[in-house]
Undergrad: 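This is the structure, below, for whatever I ask next.
Worth saying up front: this structure is predicted, and the values here are computed from it rather than measured. Order of the sequence lines sets the chain letters (A, B, ...), proteins ahead of strands, with each chain counted from 1.
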2 protein chains.
Amino acid sequence: MDKLRAIKLFVKLANLGSFTKVAEQTNTSKSLISKEIGRLEDDLGARLLHRSTRNLQLTHVGEGYLQRAIEILEKLDDADNFVSDLQHNVRGKLKINAPMALGITDLSVLFADFMLENPDIELDIHLGDESVDLVEQGFDLGLRASSRAIDSNYVGKPLTRFTYKVCASPEYLARHKAINLPKDLSEHNCFVYSYFQGKDVWPIEDGVAVKGNLKVNSTLFMMDAIKKGLGLGFIPDFVCQKMIDSGEVVEVLAEANKPRLTLYALYPARHFVPTKLVKCIRYLEDWFDTNKPV
Amino acid sequence: MDKLRAIKLFVKLANLGSFTKVAEQTNTSKSLISKEIGRLEDDLGARLLHRSTRNLQLTHVGEGYLQRAIEILEKLDDADNFVSDLQHNVRGKLKINAPMALGITDLSVLFADFMLENPDIELDIHLGDESVDLVEQGFDLGLRASSRAIDSNYVGKPLTRFTYKVCASPEYLARHKAINLPKDLSEHNCFVYSYFQGKDVWPIEDGVAVKGNLKVNSTLFMMDAIKKGLGLGFIPDFVCQKMIDSGEVVEVLAEANKPRLTLYALYPARHFVPTKLVKCIRYLEDWFDTNKPV
DNA sequence: ATATACTGTTCTCAAATTGGAGGCAAACTG
DNA sequence: CAGTTTGCCTCCAATTTGAGAACAGTATAT
């Protein structure tokens, strides 16, 4: 028995004061209403209203139950609306995880733009390179750079493709041995990004073991050290491209085989993606389409 | 779809953290739980929890919905308990309607006894001969004297049978014409009970038109006038019997055909009679069984 | 009075929904 | 790398369901 519907019908019946009218208003039959109210009364073990063919009268019990029933239905509506709001409204929090490695550069601009366009969406951005489980940590969205396919529990929308470049300042190159082959790097001061998975091995060609006197978890910090001519860095192109273009730093080993990664927008579950999240993801896609014609 | 059960299962699921455990605890199957939760999610249009084979995690939405769901279930329990209390507790008010005609005599004793035995029941007794609709006026119980069957909307428990007697004082009879046949009454001073349905016709044999100089809505008052030898009265036997036995008044036309009435305890609906009402009705039956061996 | 219209309930029966069993792929465990 | 456990899915029998008609009763109109 669908108690909820019975309660709804009971409230309606109490308002309209007629089984027939309730049936008409709900496009059902009199018999249904009669049965359903009867079932509810059976379930409660009490009579809710006295019926004479021409008159309906709430019982003492019915009186009290009606009041409570109304409250219950209100609370239910409330709960439904809560869900619906969270689902369809472009409002509320959006908890996002992005790797520090690329968070500081373009993403800051990107999300600033997004927030301008969607003032009702509250962003809660966690930058960090630890591999976190989105669901476990309650993230709505995660950005991941990956060369391989995506974990099947998540949907991964590819946003852009990027690669890494080995950068150094012109001064550094002038003052040190020439770098013609990947293995030449082992004799240079190669900065290491703290959370880089391969740690002391740069994924150039088959991988090159490197060492250096700076380890830091910020590519921008690293870029500054490179610009000062202190050493070499293995830097994502979206971080270093502008400086290469301006001549501040120079790319070496441009021809060497380096991984081409894809930046994914990762989000859990495939059904019922909240619209605010959909909006955000779409924004990400658009932004990378227009601002990053790699 | 039984949304309520789905909600209950969802709450249980959120607590136990496992579809399988919920199935075990509810003696149902995994598939049911899965289906039901799925249905709820469909209905809400949102995912309530992320499931990976080894881990359940409430969604943002699910988190909020859970909270509300718990409140809803509490309110529902509350409503059920309210009904149950009102239904089963031997406490609370009992609104009773009884005809004035017989209310003043035995009923006062009867209900006094009843209240002694049931101190938790509050009686609200309305004496009156106007024919009131029990349900409309919110009465739980009505006492009715009737010769015919009972209105089908009510259940009528017969309590006792009684009849009427034509009474006069010995003095009155000595000072007036003899009364041998019903029609002789028309030449006597016959008191009329105000609310008596037949008004000026006493239902003796085929009915006898009478007239008199007293009209009152209390048989006790009338009895006093009779005892003083002022006239004749058509009096229920439970009012006059004792005085007849003691010789204070005398019955005339004892052989004439007078209506035999039944006193009914009338109450609405045959299902789900509140226990306090059941108790009261049973008390009435017992009382009349033992105290009134007519 | 008699007829009429309208009430809520009951009955029947076809149709929809249901829930359990078993199999499934996935994924955490050791 | 098995092995176990998880949630999900498909299929089918069984139950439940609800519309419609017939019903019993009553108020209103004639």
Undergrad: Let me know the distance between CG of Asn27(B) and P of dA21(C), rounded to the nearest Å.
TA: 11 Å

Undergrad: Using C1' atoms of five pairs at each end, report the bend of the helix from dA1(C)-dT30(D) to dG30(C)-dC1(D) rounded to 10 degrees.
TA: 30°

Undergrad: A side-chain contact here means heavy atoms from C-beta on lying under 4.5 Å apart; do Val61(A) and Arg47(A) qualify?
TA: no

Undergrad: Side chains of Tyr154(A) and Tyr264(A): does their closest heavy-atom pair fall under 4.5 Å?
TA: no

Undergrad: Check for me whether Arg51(A) meets the cation-pi criterion with Phe19(A), that is, NZ or CZ under 6.0 Å from the six-membered ring centre and within 45 degrees of the ring axis.
TA: no

Undergrad: For Tyr154(B) and dT26(D), give me the distance from atom OH to atom P, rounded to whole Å.
TA: 11 Å

Undergrad: Measure from CD on Gln57(B) to P on dG7(D) and round the result to the nearest Å.
TA: 14 Å

Undergrad: I'd like to check the side-chain hydrogen bond (donor to acceptor under 3.5 Å, both in side chains) partners of Asp78(A); sequence neighbours left out, ordered by chain and number.
TA: none

Undergrad: Can you name the side-chain hydrogen bond (donor to acceptor under 3.5 Å, both in side chains) partners of Arg39(A), sequence neighbours left out?
TA: Glu36(A)

Undergrad: Go through Asn97(B) and Gln137(B) one step at a time and tell me if the side chain to side chain donor-acceptor pair (under 3.5 Å) criterion holds.
TA: CA-CA 10 Å; Asn97(B) 171 258; Gln137(B) 306 290 327; over 6 Å; no

Undergrad: Taking only residues two or more places apart in sequence or in another chain, which ones pass ring pair (Phe, Tyr, Trp, His ring centres under 6.0 Å) with His126(A)?
TA: Phe139(A)

Undergrad: Could you give the CD-to-P distance, from Glu36(A) to dT16(D), as a whole number of Å?
TA: 14 Å

Undergrad: Mind checking what makes side-chain hydrogen bond (donor to acceptor under 3.5 Å, both in side chains) contact with Thr275(B), not counting sequence neighbours?
TA: none

Undergrad: Return a single string for nucleotides 5-18 of chain C, one symbol per nucleotide in 5' to 3' order, where B is base contact, S is sugar-phosphate-only contact and - is none, cutoff 4.0 angstrom on heavy atoms.
TA: -BBBBB-B-----S

